[in-house]
Amino acid sequence: MPTSFPTESSPQPFSLKNKTALITGASSGIGQSIAGALAAAGASVILCARREEPLRSYCDSLKSKGMEAGYVVGDLSQKAEVAAIAHSASECLGRSPDIIVHAAGINMRQAWQDITPESWDAQIELMLSSPFFLSQALVPAMIQKGWGRVIHIASLQSQRAFANSIPYGSAKGGVMQLTRAMAQAWSAHGITVNAIAPGFFPTELTQPVFSDAEKIEAIAQQTAVGRVGRLEDLHGAAVFFASDASSYITGQTLFVDGGFSAK
């Protein structure tokens, strides 16, 4: 089955050849899986997270397959580190990123009475503040090129509430508006900004949920397709939003949730 269709302006609209992508939260889970998908579509990828060993390991794995990859270690929940991370990302492979995927996330799953200013700030900073400030640092180079892609990772909690997730849900709700606001600011310069809202996928972040087989089966039955997500289910949306195929789509959030939000 062909993976792309020809158009007059772009003969291979899903190809990411000659593009460089920075993916945060790339040490595991959704971020790492999307990094692999973008690399398979032809992009050079820069992996970013706090933990160096899994970044190095996955980077070496991609290189062993003939893909260009590098990594940057940093903590995006700390505003003071964001500028240095942006600089390192631009230096990593010798060119500034054309694509940014903001996949770094954390959910402390605290009851409302246990939330502290510190735990609130940690989640809001990582999932709402850092996507803006990291983009703010890297978008000027995209404007000079006249082309760029910013992809946020939203959530089911961008639109609905789950127990013990007030800071997480607040951040992810903000991500949808951040997506629209960034699109309004930058799309006239050839930079589209969109978000992917995953349903339930097996990651380190969702391990407490996936460890309960009965709960996962109940969630699967709440979807339209009758199952929870597989990480590869996110690949098509990620490549689509990162490529020329989505050049007239901006400010949008796509729910990749098996129809959970439709029922």
Side-chain angles (χ1 to χ4, degrees), residues 4 7 9-26 30-31 34-48 67-72 74 76 82-104 127-154 175-197 234-254:
S4 63
T7 68
S9 60
S10 178
Q12 291 186 307
F14 291 97
S15 173
L16 300 180
K17 187 177 179 182
N18 299 322
K19 301 298 184 185
T20 301
L22 169 65
I23 305 94
T24 72
I30 288 173
I34 286 177
L38 300 188
S44 301
V45 296
I46 303 163
L47 315 175
C48 177
M67 302 170 183
E68 186 176 27
Y71 68 87
V72 172
L76 286 164
V82 172
I85 290 169
H87 177 77
S88 296
S90 295
E91 296 290 320
C92 181
L93 298 179
R95 52 197 178 274
S96 61
D98 307 288
I99 301 158
I100 311 171
V101 181
H102 296 290
M127 294 180 290
L128 189 57
S129 299
S130 77
F132 171 73
F133 288 107
L134 183 60
S135 298
Q136 183 190 50
L138 295 172
V139 158
M142 296 182 187
I143 291 174
Q144 288 187 338
K145 300 174 192 176
W147 195 99
R149 298 289 184 265
V150 178
I151 303 171
H152 297 292
I153 301 301
V175 164
M176 284 188 70
Q177 180 57 24
L178 183 65
T179 299
R180 290 186 285 259
M182 284 180 163
Q184 189 280 329
W186 299 329
S187 294
H189 300 285
I191 301 162
T192 65
V193 185
N194 292 291
I196 298 169
L234 297 166
H235 292 180
V239 172
F240 174 63
F241 279 147
S243 70
D244 282 330
S246 61
S247 61
Y248 198 60
I249 300 172
T250 193
Q252 305 303 307
T253 298
L254 175 63

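Values in this document were obtained by computation on a predicted structure and should not be read as measured data. Quick note: residue numbers are just sequence positions, from 1.
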Chemist: Given side chains that start at C-beta, do those of Ile99 and Leu16 come closer than 4.5 Å, heavy atoms only?
Modeler: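 Heavy-atom side-chain distance check passes, below 4.5 Å.
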
Chemist: Which atom pair, heavy atoms only, marks the closest approach of Ile46 to Ala89?
Modeler: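 Smallest heavy-atom distance, with atoms named: CD1-O, 3.2 Å.
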
Chemist: Evaluate the side-chain proximity of Ile85 to Thr24: yes if any heavy-atom separation is below 4.5 Å, no if none is.
Modeler: no

Chemist: So which atom in Ser243 and which in Trp147 form the shortest heavy-atom distance, rounded to 0.1 Å?
Modeler: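 Of all heavy-atom pairs spanning Ser243 and Trp147, the closest is C-CZ2, 4.4 Å.
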
Chemist: Can you tell me how far the CD1 atom of Ile151 sits from the CD1 atom of Ile100, to the nearest 0.5 Å?
Modeler: 10.0 Å

Chemist: Restricting to side-chain contact (heavy atoms from CB on, under 4.5 Å), what partner residues turn up for Ser44, sequence neighbours left out?
Modeler: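 Ser44 satisfies side-chain contact (heavy atoms from CB on, under 4.5 Å) with Thr20, Glu68, Leu93, Arg95 once adjacent residues are dropped.
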
Chemist: Using side-chain heavy atoms (C-beta onward) and a distance below 4.5 Å, is Gln252 in contact with Ser246?
Modeler: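 In short, these two side chains do not touch, never coming nearer than 4.5 Å.
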
Chemist: Is atom CD of Gln177 surrounded by more than 12 heavy atoms (other residues, nucleotides or ligands) closer than 6.0 Å?
Modeler: yes

Chemist: Trp186 vs Phe132 aromatic rings, parallel, tilted or perpendicular, using cut-offs 30° and 60°?
Modeler: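 The rings of Trp186 and Phe132 lie parallel, inter-plane angle below 30°.
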
Chemist: For Ala86, enumerate each residue passing the side-chain contact (heavy atoms from CB on, under 4.5 Å) test, keeping only those at least two apart in sequence or located in another chain.
Modeler: Leu134, Ala137, Leu138

Chemist: Taking the side chain as every heavy atom from C-beta outward, state whether Val139 and Met142 have any pair of such atoms under 4.5 Å apart.
Modeler: yes

Chemist: Applying side chain to side chain donor-acceptor pair (under 3.5 Å), name anything that partners Thr192, two or more places apart in sequence or on another chain.
Modeler: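 Thr192: side chain to side chain donor-acceptor pair (under 3.5 Å) contacts with Arg149.
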
Chemist: Please report the closest heavy-atom contact between Val82 and Phe133, naming both atoms and the distance.
Modeler: CG1-C, 3.8 Å

Chemist: Given side-chain contact (heavy atoms from CB on, under 4.5 Å), test Lys17 with Gln12 step by step and report yes or no.
Modeler: CA-CA 10 Å; Lys17 187 177 179 182; Gln12 291 186 307; over 6 Å; no

Chemist: What pair of heavy atoms forms the shortest contact from Val72 to Cys92, and how long is it?
Modeler: CG2-CB, 4.3 Å

Chemist: In the structure I gave you, are the side-chain heavy atoms of Pro131 and Val175 within less than 4.5 Å of one another anywhere?
Modeler: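 Of all side-chain heavy-atom pairs linking Val175 with Pro131, none is under 4.5 Å.
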
Chemist: Let's go through Phe240 and Ile249 carefully: what are the C-alpha distance in whole Å and the side-chain angles of both, what is the deciding distance for side-chain contact (heavy atoms from CB on, under 4.5 Å) to 0.1 Å, and is it a yes or a no?
Modeler: CA-CA 10 Å; Phe240 174 63; Ile249 300 172; 3.3 Å; yes

Chemist: With sequence neighbours excluded, tell me which residues meet side chain to side chain donor-acceptor pair (under 3.5 Å) with Ser135.
Modeler: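 Once residues adjacent in sequence are excluded, the partners of Ser135 under the side chain to side chain donor-acceptor pair (under 3.5 Å) criterion are His102.
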
Chemist: List the residues meeting side chain to side chain donor-acceptor pair (under 3.5 Å) with Ser187, not counting sequence neighbours, and say none if there are none.
Modeler: Thr250

Chemist: Looking at side-chain heavy atoms only, is the closest gap between Val150 and Phe241 below 4.5 Å?
Modeler: no

Chemist: I need the Met127 CE to Ile153 CD1 distance, nearest 0.5 Å.
Modeler: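 It is 12.5 Å, given to the nearest 0.5 Å.
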
Chemist: Under the salt bridge (charged side-chain N to carboxylate O under 4.0 Å, His left out) definition, can you give me all pairs with a residue in residues 34-45, not counting sequence neighbours?
Modeler: none

Chemist: Tell me the closest heavy-atom pair linking Gly251 and Asn194, and the distance in Å.
Modeler: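 Nearest pair, atom of Gly251 first, then Asn194: N-OD1, 3.3 Å.
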
Chemist: If I compare all heavy atoms of Ala242 with all of Leu38, which pair ends up nearest, and what's the gap?
Modeler: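 The answer is CB-CD2, 4.0 Å.
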
